[in-house]
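Working notes for the structure below.
In this text the structure is predicted, and so the values were computed from the model without any measurement.
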Amino acid sequence: MKIINIKVLILLIFLSGILQMDILNIPWENLKIISVVHIFTSIFLCIFYIIPFVNRHAYKYIVIKKVNSTSGWILGFFLLMIVISGVYLFFIGNKGGDIWGIISFNIHLYGSFILLFFLFSHRKKAKLNISLATLILGFSFLNMPLYSSETKIENKLLNLKTPKNEVYHNEDWTNSTKCKSCHSEIFNQWANSNHKNLVESNPYYMVMESIAGEVEGAEFKKWCMGCHNPSALTTGLTRTSHAMDDNFLANTLFESNAQTLVKTFEKHGNTRLEEGVSCLTCHTITDATSAGNASYTLDITSRKKYPFEDDESTVGKYLGHKFINAKPNVHKDSYMKPLYKESKYCASCHDETSPTTNKQIVSTFKEWEASPYNNKEDKTKNKTCIDCHMTYLKDDKFAPLSGVSTDGGVVKKDVKVHYFAGSNHFLAGLKDKNHEDQVLQLLRTSAKLDVNIKNNQVHVGVENVGAGHHLPTGVADFRELWLDITIVDANDKIVFSSGKLDINGDLKADARPFMKVFGDKDGKAVGLLFWKYEKLLSDTRIPAKTRRVESYDLPKDLKYPLKAMVKLNFRIYPQSITSMVQKAFPELPNPPVVELEKLEQVFEK
């Protein structure tokens, strides 16, 4: 093959590569085709035409004719470097944390201009060609980015939107298992978190969704599903399904790392819908407001997909990963938006209003918004949701985790962990004790106790020192946070006691829990039917950076010194509610009482 033909082939490969530069801003659908053409054409032409020709050409002029051409040696060197870097990029990838991936990308891109320069100047009397090559080389430095440097659902009950009133198909919902191949640690954190386990592996939710449907009608379940099960809701389902292991019901309550989900995907691909809050749910939200009741916009089909990304064949999956790893910035931009660092992003589901009474049931975002932690003017005092709930903890203190979020990716000083530590340590702990430990550590940062005995009264102070919202928050009509007090006299005799459990495991009547109590229009407690709330009967919760004092009368004529033993206890659900749920899910154990803070102090008369 003549050298002029080889130059044409290399020029075509060069042009198909240059067309992928971000500066040209070519539409993604066209860019996918160009990338496939570039990679497979390059492989074919190099193996069958370019490399054989270079070998023959080098043998003829170096071995036989004894020609020593500097430009020829340089040309051969850069051709070799571009081939090697191209092979590395496609088969290994450029995830950001591998220095060789970064070097390979830049060699492949900018080395191609140098290659072209010497290709056209590798002749005698090549002044015109040299000028042209110099112009092309100059173009390469015009834009030098630092690569790898680091339907509206018609429902009056909720605010969830999708583009153009779109209802999705099961296979639009990319299964989270696919994310595991490159984000293994993040996947496992999420898999054992309460975000993943909001539906079928949460017995409390399954029972409450059923009760809501029975009391208010099947349509009412959509209010629950907007935040707990958006994948099912946006594909037209009207209720949450139980987990399936092939054609049998699966018990995922104690299952770690989403084993059933992984097994189902490996066997059925995306044909079986992944219900709950998946990776795709949170990472394809394009807008969110603080209105609550699923006040977010979900767009799972408009993102840019790579060639073979959705191919379920073995070869297709392999090629899909290679295309993503070769240039992952488009993938990253599709799934990461500045919105995700804003607290209103979380508010879309963590503020909740009754669709029947229009009363605010959950106001976690509004509590934070009114707190000292919402201080944009002083960054040292400003804390957002992710600063507490997605930051690693060690020894009951925030200890940002150094590591990677992508396997082989850039090492970050503060990887935002996906434990989503909140208050529900119990269900997460059934799957993973490390996860439970993260939640308990966060809970222990929230409060501080003080105690005093004066004028025949015991005064116990509880200060919210760590939570950026009320303590407790969320479904605060169900959470149990209370003082357990024991006072003994000089003879070690118990002279006062409060906050103990009765024989059934429920709090005794003398306990003073920090919680909300909702009432209906007549002032009667609504109990489980919290959406019927119209009157707030009581709210003893503790706002951020606020101290509440509880005072108790003591018996007279006590023998001093007195020893006060005070505990701040927490339980995720009252025993009465757990006992009810256990009738439908008998394998559910009882949630333990957790001691968040303890204080002992002796008082002289």
* Any chance you could lay out the side chain to side chain donor-acceptor pair (under 3.5 Å) test for His321 and Ser181, step after step, and finish with the verdict? => CA-CA 9 Å; His321 284 149; Ser181 60; 3.2 Å; yes
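Note: His418 and Phe187 fail the aromatic proximity criterion, with ring centroids not under 6.0 Å apart. For Phe40 and Phe44, the ring centers sit 6.0 Å or farther from each other. Not less than 6.0 angstrom separates the ring centroid of His389 from the ring centroid of Phe420.
Judged purely by atom type and a 3.5 angstrom limit, Asn229 uses its side chain to pair as donor or acceptor with the backbone of Gly276. No donor-acceptor pair under 3.5 Å is formed between the side chain of Asn257 and the backbone N or O of Gln259.
Considering all non-hydrogen atoms of both residues, Met206 and Val199 come closest at CG-O, 3.4 Å.
Here the options are Phe90, Tyr318, Tyr306, the test is ring pair (Phe, Tyr, Trp, His ring centres under 6.0 Å), and the partner is Phe323; only Phe90 passes. Each of Thr391, Val439, Asn434, Asp437 was scored for a side chain to side chain contact (heavy atoms under 4.5 Å, CB included) with Tyr419, with one residue passing: Asn434.
Of the charged side-chain nitrogens involved, none lies within less than 4.0 Å of a carboxylate oxygen, so that Lys412 and Asp414 do not count as a salt-bridged pair. Using a cutoff of 4.0 Å between basic side-chain nitrogens and carboxylate oxygens, Lys196 and Glu274 are not scored as salt-bridged.
Shown here are the side-chain hydrogen bond (donor to acceptor under 3.5 Å, both in side chains) partners of Ser278, two or more places apart in sequence or in another chain: Thr281. The side-chain hydrogen bond (donor to acceptor under 3.5 Å, both in side chains) test applied to His425 returns Glu436, not counting sequence neighbours.
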